[in-house]
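The structure appears right after this line, and notes come after that.
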Amino acid sequence: MSENVVQLHKPTDPPAPDVAPTVLTVVPDTPPAPPVPLWVRSGRAVKTAVTHESTRATARAAARHASYTFNGGRIVARRAWDGRTGARYERMIRAAEAAGNLEAAEEWEERLTRFRAARHHRRMDLLHSPVEAAKGVAVGAGMSIGVLVALGVVMALNTHHVGDVITPLSATIDFIALLIRIVHIVWGPALTIGPFLALLALWSVGRKQQAAPAWALPTNARSGEGEPITPSIVVKALRDLGVPALRNAIKDMGDAGASMLGPIRIAGCGVEVDVTLPSGVSTIEVQNRRRKLAENLTRHEHEVFITIPQAARTVRLWIADSGALDEPIGPSPLVTDDTLTADYAKGKAPWGQDLRGDAAALSLYQRHLLITGLSNQGKTAALRALALWLALDRTVEFRIADLKGAGDWAMFDGLATVLIQGPTDDHVIEATEMVEGGVKEMERRLTAPAGTDFPPLILLVDEAQVAFMCPVKDADKRPYGGSKATSRYFMAARKIHNQGRAVNVLLWQGTQDPTDQNLPKLVREGAHTRASLALGTESQARMALGDKAVDGGAAPNLLRPGLDKGTVIVASDGIAIPAGQSSITVRTHYIDTDTAAEVAERAKRMRDGVTTLHVIERGEDHDPLADILAVLGDAPRVLTADVLKRLTTLNQDAYGGWTPGDLKRVLEDVGAEPYKSDGRMVVGRDRVARALAERDTDGSASASE
């Protein structure tokens with residue numbers, strides 16, 4: 001672009017010779033843009049207004065409320081049509097025929113016939129109703145006039161004025177005239193307001209049913225969080241599950257899939273519904289899509305449980321209320337009821353609540369028990385709650401090995417006859433010998449006469465995986481751990497599983513992360529009651545509960561570690577399980593260590609006194625009389641049979657083969673022979689203590705001489 005040079009000077013003053021003329025260089029600017037047409041500016045403004053959030057919210061609100069009113073009218077019309085015609089019955093007949101349920105179709109057809117007969121009867125009655133109504137009005141009017149005239153006569157006789165005879169009749173006529181005037185005044189506004197009230201009623205119906213497009217609903221309504229479960233929601237969730245055969249079958253059904261559903265029942269903190277799948281759809285296809293089904297139902301995965309009931313081709317859905325499973329279930333009856341006692345043979349331990357909110361109680365009678373789960377999920381607390389309840393039966397003896405050694409079972413000191421606490425190899429050796437002592441007791445009981453009643457003996461090993469994985473071998477090169485026939489702990493557990501329940505010798509085990517190495521197949525399958533907390537994989541779930549329970553819907557691997565603490569899935573005939581299911585989910589009561597100690601103290605007060613052995617003596621010199629006094633504890637007298645059991649527990653090598661005759665001979669030699677109390681032979685503590693004191697005194701005197 002060329003430059004224009006302009007010289008500026010005053011016309012009256014010539015420029016000085018030594019001053020150069022002022023020169024300005026003018027560079028023209030870019031030509032200004034042409035004015036924006038008005039229609040362009042208006043379009044931009046409209047676009048901005050449309051995209052503004054408040055404008056969009058206003059548009060959604062308008063569409064939503066208009067849809068409420070329109071669809072509310074449709075709903076009311078549909079209800080009125082169903083009420084006046086047999087459309088509802090015809091839909092149910094088509095649905096039953098599509099599902100192949102001929103019995104249900106016949107039943108609905110019979111109901112339709114009865115409905116039509118009743119409707120015809122009502123219509124025939126309408127033909128005679130005008131005449132009957134006219135007669136009724138005439139009779140009623142005549143009686144009313146007669147009553148009013150009679151009332152006027154009474155008034156006239158009382159006032160002595162003949163004109164009072166028509167006073168009640170004239171007052172009634174004036175009242176009717178007043179009503180006519182009121183109706184005349186109100187009628188006009190009512191005709192004006194009536195349509196608005198009708199629209200408001202239709203809007204209310206549509207609003208309750210959320211009868212509006214999803215994009216127009218409020219944000220909280222579109223989220224579906226906490227949305228109640230209805231048949232249409234369940235069918236839609238199944239239709240969108242990603243199973244082509246299921247989706248096509250629902251589309252082909254005359255009732256859009258409603259015939260698949262049983263009644264939706266309230267079940268605790270959720271609802272339960274049985275779904276009969278159409279032909280060509282297997283239950284495993286639904287089970288494998290649990291997460292997608294939960295999301296379709298606007299729930300989290302852990303809030304939907306899928307089980308297989310007894311009916312063929314049926315899945316049972318339990319759907320929790322949103323957030324309900326994160327709420328605590330309340331304290332254990334062991335804590336709230338100080339008078340609670342236990343009955344090993346006939347009672348059931350109050351363990352917690354099932355998903356329906358009902359009390360879940362477990363029978364422990366002649367049932368070996370296995371409970372597994374990841375670390376720090378409440379395994380010890382769940383197992384301890386059962387032991388605390390059973391401890392309230394004074395006939396039950398406990399021998400406990402806690403191979404974690406963190407003090408979780410310390411409250412059983414003075415309650416259990418054996419209490420081993422620690423994770424070392426030495427503790428595993430002692431736990432193994434404790435279980436082997438239970439085998440000796442079992443074999444002794446098996447040789448007793450038939451019909452002998454034996455008190456329960458519970459051998460409890462917590463963190464049993466430590467025992468199975470112990471590499472130590474004994475003097476004969478036999479390993480304490482492992483899963484071979486030479487393993488001492490494994491073989492002792494197997495023997496008790498095989499024959500122990502018949503004589504009330506039971507083995508309870510708690511273990512972490514079940515595998516074939518730390519929980520051999522033969523041992524885990526020997527437990528009658530199998531329970532599992534949260535696990536990592538499905539293979540672990542099968543090891544913990546068995547294939548039948550997992551194939552039936554049990555999924556401890558889907559529990560949330562850390563969030564579902566204390567929630568166990570139980571497979572046992574000792575707990576009430578819904579018909580057709582192979583397992584049940586229980587949210588166990590949590591009893592903390594301090595509270596557990598209080599319950600244990602109540603159990604101790606029910607007993608005469610128990611001497612707890614913390615270390616099992618092996619291969620050492622022993623003093624029979626001193627050992628007898630030690631096992632008697634603080635009790636004034638103990639049954640001879642119990643003394644023999646305690647001696648066997650104290651030193652299996654020395655006293656495992658003792659008979660009542662051996663005990664009697666030792667005590668008779670020192671003048672402390674057993675005697676009868678309430679018809680049963682007992683050993684008196686005072687006698688044994690006196691004999692031991694005299695023996696020690698005599699020994700000291702001989703030594704001094």
Should the pair [X]-[Y] be classified as a salt bridge under the 4.0 Å nitrogen-to-oxygen rule?
{"X": "Asp516", "Y": "Arg524", "value": "yes"}
{"X": "Glu538", "Y": "Arg542", "value": "yes"}
{"X": "Arg445", "Y": "Glu443", "value": "no"}
{"X": "Asp573", "Y": "Arg367", "value": "yes"}
{"X": "Glu598", "Y": "Arg602", "value": "no"}
{"X": "Lys379", "Y": "Asp462", "value": "yes"}
{"X": "Lys521", "Y": "Glu525", "value": "yes"}

Quiz item: Yes or no on side chain to side chain contact (heavy atoms under 4.5 Å, CB included) for Ile264 and Glu272, after CA distance, side-chain angles and deciding distance?
Solution: CA-CA 6 Å; Ile264 297 179; Glu272 186 178 70; over 6 Å; no

Would you say the side-chain atoms of [X] pair up with the backbone N or O of [Y], donor to acceptor, closer than 3.5 Å?
{"X": "His427", "Y": "Gln421", "answer": "yes"}
{"X": "Thr432", "Y": "Val428", "answer": "yes"}
{"X": "Asn296", "Y": "Ala237", "answer": "yes"}
{"X": "Arg290", "Y": "Val304", "answer": "yes"}
{"X": "Arg299", "Y": "Ile319", "answer": "no"}
{"X": "Asp358", "Y": "Asp354", "answer": "no"}
{"X": "Gln377", "Y": "Leu374", "answer": "no"}
{"X": "Thr529", "Y": "Leu369", "answer": "no"}
{"X": "Arg501", "Y": "Gln366", "answer": "yes"}
{"X": "Arg384", "Y": "Asp408", "answer": "yes"}

Quiz item: Just wondering, are more than 12 heavy atoms of other shown residues or ligands nearer than 6.0 Å to CZ in Arg265?
Solution: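 Check passes, neighbour count above 12.
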
Self-check item: Residue Lys348 excluded, over 12 heavy atoms near NZ under 6.0 Å
Solution: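 For Lys348, atom NZ is crowded (more than 12 foreign heavy atoms under 6.0 Å).
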
Practice problem: Using the six-membered ring wherever Trp is involved, compare the ring planes of His368 and His497 and label them parallel, tilted or perpendicular (cut-offs 30° and 60°). | Solution: tilted

Quiz item: Run the salt bridge (Lys or Arg N to Asp or Glu O under 4.0 Å) check on Glu107 and Arg111 step by step: do they pass?
Solution: CA-CA 6 Å; Glu107 181 180 354; Arg111 292 183 181 182; 3.0 Å; yes

Practice problem: Walk me through it: do Tyr344 and Asn504 pass the test side-chain hydrogen bond (donor to acceptor under 3.5 Å, both in side chains)? | Solution: CA-CA 10 Å; Tyr344 163 74; Asn504 288 331; 2.9 Å; yes

Quiz item: If you round to the nearest 0.5 Å, how far is CH2 of Trp508 from CZ of Phe398?
Solution: 5.5 Å

Self-check item: Gap separating the OG1 atom of Thr372 from the CZ atom of Arg530, nearest 0.5 angstrom
Solution: 8.5 Å

Does any non-hydrogen side-chain atom of [Y] lie less than 4.5 Å from one of [X]?
{"X": "Thr567", "Y": "Thr588", "result": "no"}
{"X": "Gln512", "Y": "Asn518", "result": "no"}
{"X": "Asp393", "Y": "Thr341", "result": "no"}

Quiz item: Regarding Arg316 and the six-membered ring of Phe305, is the cationic atom NZ or CZ under 6.0 Å from the ring centre and inside 45° of its axis?
Solution: no

